[in-house]
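The basis for the numbers below is simple: all heavy atoms, side chains too, and nothing from hydrogens, waters or symmetry mates. Keep in mind that what you see is a predicted model, and the values were worked out from it rather than measured.
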Amino acid sequence: MHKSFDDLLARAVARADGSHADWSEATAVLADRLDEETWEAALALRSDPDPLRRLFAADIVWLFSIATRPILADEYPFERRALDVLLPWAVEERDPTVLASVLCGLSGLDDPRIEEAGLAYRAHPDPRVRIQVPSTLLRTRYAYTHPRALDVLAALARDPDANVRWTVCEQLYEFEGRGPAVADILAGFLDEDNQLVRIKAVSGLANANDPRCVEGARLIGPVDLTEWPDTWLLDAVSRYEQRRDG
């Protein structure tokens, strides 16, 4: 049975937290339609006074932006339209949950204006918003494109929220732009409480041939190898030492 947009919306918001399975199923069903009717219905909610309904709309817009059509059609038919919706929305939105969803949607798109939209919230009081900032910063294989990007990431790497710090580490530990500024940020994670963050920081330093990885490896502590069927990350310092001594 083809359920209407309103029926699926009602089912989703009944759970009232935006993370229940009913929410995910409803947004997925609507995104799969990839039609004008659904798109317009979502946009109509953008100014709704209920933030949960705006969140539903933001999720739909994001899902439309990454959805594809069959071969020979436009690969991402709603990508540009989603950008035109989400950029001004990021400026206007005041609810942190909705704003985080809007920034998440922007981070999957490609436009230099996205960086400024993200940077505007680098000091936002809600960590759910700050956590989206690193992924809005565009980069090539070896460099960030915005001149303040690494300064912002360095500040977020000292954020009081552990999840924000974790996100910066995730952005940088495999990044191939391994200059001194990136290495300094990674070195700041060596005393994190989260062991996985310490492991990834050490791996990033080792891949950058930064000698701080050796001391960092000592700070990792005992690792339960039954949880690590693939020890590639754990062996990064050994590979560094082989390069250094070889």
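- Once rounded to the nearest 0.5 Å, the distance linking CG of Leu153 with CG of Leu137 reads 5.5 Å.
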What verdict does the ring-ring contact (aromatic ring centres under 6.0 Å, His included) test give for Trp23 and Phe56, after you've listed the backbone C-alpha separation in whole Å, the side-chain angles of each residue and the deciding distance to 0.1 Å?
CA-CA 8 Å; Trp23 182 285; Phe56 190 82; 5.4 Å; yes
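- A heavy-atom distance below 4.5 Å is not found between the side chains of Tyr76 and Arg81.
- Hydrophobic clustering of Ile, Leu, Val, Met, Phe, Trp and Tyr side chains at less than 4.5 Å, counting indirect connections, keeps Trp62 apart from Leu43.
- A donor-acceptor pair shorter than 3.5 Å can be found between the side chains of Asp59 and Ser101.
- In this structure, Trp89 and Val98 have side chains that are in contact, with non-hydrogen atoms separated by less than 4.5 Å.
- A 4.5 Å side-chain heavy-atom check between Tyr240 and Val214 finds at least one atom pair inside the cut-off.
- Within the 4.5 Å cutoff, the side chain of Leu219 has no heavy atoms near those of the Asp191 side chain.
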Could you pull out all donor-acceptor pairs under 3.5 Å where a side-chain atom in residues 141-151 meets a protein atom, sequence neighbours excluded?
residue, atom, partner, partner atom, Å
Arg141, NE, Glu176, OE1, 3.1
Arg141, NE, Glu176, OE2, 3.0
Arg141, NH2, Glu176, OE1, 3.1
Tyr144, OH, Arg139, NH1, 2.9
Thr145, OG1, Glu115, OE1, 3.4
Thr145, OG1, Glu115, OE2, 2.9
Thr145, OG1, Leu138, O, 3.2
His146, ND1, Arg148, N, 3.1
His146, NE2, Glu116, OE2, 2.7

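- Taken together through direct or relayed side-chain contacts under 4.5 Å among Ile, Leu, Val, Met, Phe, Trp and Tyr, Val223 and Phe189 form part of one hydrophobic cluster.
- Residues Leu156 and Pro134 form a side-chain contact, since some pair of their non-hydrogen atoms from C-beta on lies under 4.5 Å apart.
- Scanning for salt bridge (charged side-chain N to carboxylate O under 4.0 Å, His left out) contacts around Asp184 gives Arg212, with sequence neighbours left out.
- Partners of Arg128 according to the salt bridge (charged side-chain N to carboxylate O under 4.0 Å, His left out) rule, which considers only residues two or more places apart in sequence or in another chain, are Asp126.
- Side chain of Asn207 to main chain of Ser203: a donor-acceptor pair is present (N/O by atom type, distance under 3.5 Å, no hydrogens or angles).
- For the residue pair Asp6 / Ser4, no side-chain donor-acceptor distance below 3.5 Å is found, with atom types taken as modelled.
- Judged purely by atom type and a 3.5 angstrom limit, Arg158 uses its side chain to pair as donor or acceptor with the backbone of Ala154.
- Interatomic distance, Ile131 CD1 to His124 NE2, rounded to the nearest 0.5 Å: 13.5 Å.
- Among Lys200, Arg165, Arg198, the one residue that satisfies the salt bridge (Lys or Arg N to Asp or Glu O under 4.0 Å) test with Glu192 is Arg165.
- The line from CZ of Arg113 to OG1 of Thr136 is 14.0 Å long, rounded to the nearest 0.5 Å.
- Scored by the ring pair (Phe, Tyr, Trp, His ring centres under 6.0 Å) test, Phe64 finds Trp39, Phe78 as partners (sequence neighbours excluded).
- Scanning for salt bridge (charged side-chain N to carboxylate O under 4.0 Å, His left out) contacts around Arg53 gives Asp48, with sequence neighbours left out.
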Checking side chain to side chain contact (heavy atoms under 4.5 Å, CB included) for the pair Leu205/Leu190: CA distance, chi angles, key distance, verdict?
CA-CA 10 Å; Leu205 288 170; Leu190 296 178; 4.0 Å; yes
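- Side-chain N/O atoms of Asn209 and Arg244 include no donor and acceptor closer than 3.5 Å.
- Taken to the nearest 0.5 Å, the CG atom of Leu186 stands 11.0 Å off from the OH atom of Tyr173.
- Under a hydrophobic-cluster definition in which Ile, Leu, Val, Met, Phe, Trp and Tyr are linked whenever side-chain heavy atoms come within less than 4.5 Å, directly or via other members, Val13 and Leu63 are assigned to different clusters.
- Here the side chains of Leu234 and Leu225 are in contact, with some heavy-atom distance below 4.5 Å.
- Put simply, Val164 and Val182 are part of the same group of oily side chains (I, L, V, M, F, W, Y) that touch within less than 4.5 Å, one to the next.
- Not counting sequence neighbours, the partners of Arg218 by the salt bridge (charged side-chain N to carboxylate O under 4.0 Å, His left out) test are Glu215.
- Glu92 and Arg46 are joined by a salt bridge, as a carboxylate oxygen and a charged side-chain nitrogen come within less than 4.0 angstrom of each other.
- Counting only distance, with no hydrogens or angles, the side chain of Arg80 and the backbone of Ser65 share no donor-acceptor pair below 3.5 Å.
- Between Arg130 and Asp159 there is a salt bridge, with a side-chain nitrogen of the basic residue lying less than 4.0 Å from a carboxylate oxygen of the acidic one.
- In this structure the side chain of Ile199 reaches within 4.5 angstrom of the side chain of Trp228, judged on heavy atoms.
- The side-chain heavy atoms of Asn194 and Leu196, taken from C-beta on, include a pair separated by under 4.5 Å.
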Dump the intermediate steps for side chain to side chain contact (heavy atoms under 4.5 Å, CB included) on Leu45 and Arg54, then the final yes or no.
CA-CA 6 Å; Leu45 295 176; Arg54 297 200 305 276; 5.8 Å; no
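- Put simply, the side chain of Glu93 gets close to the backbone of Asp95: a donor and an acceptor are under 3.5 Å apart.
- Side chain to side chain, Thr38 and Asp35 meet the donor-acceptor criterion of an N or O pair below 3.5 Å.
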Can you check side chain to side chain contact (heavy atoms under 4.5 Å, CB included) on Trp232 and Arg239, steps first, answer last?
CA-CA 10 Å; Trp232 179 257; Arg239 295 193 298 274; 3.3 Å; yes
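- Heavy atoms from other residues, nucleotides or ligands lying under 6.0 Å from CG of Asp193 number 12 at most.
- A donor-acceptor pair is defined here as one N or O able to donate and one able to accept, closer than 3.5 Å; such a pair exists between the side chain of Gln195 and the backbone of Ile220.
- Heavy-atom neighbours of Asp84 CG from other residues, nucleotides or ligands within 6.0 Å: above the threshold of 12.
- A single hydrophobic cluster is not seen to contain both Leu103 and Val91; linkage of ILVMFWY side chains at heavy-atom distances under 4.5 Å, directly or through other members, places them apart.
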Go through the steps for Thr167 and Glu170 under the test side chain to side chain contact (heavy atoms under 4.5 Å, CB included), then give the verdict.
CA-CA 5 Å; Thr167 298; Glu170 284 290 301; 5.5 Å; no
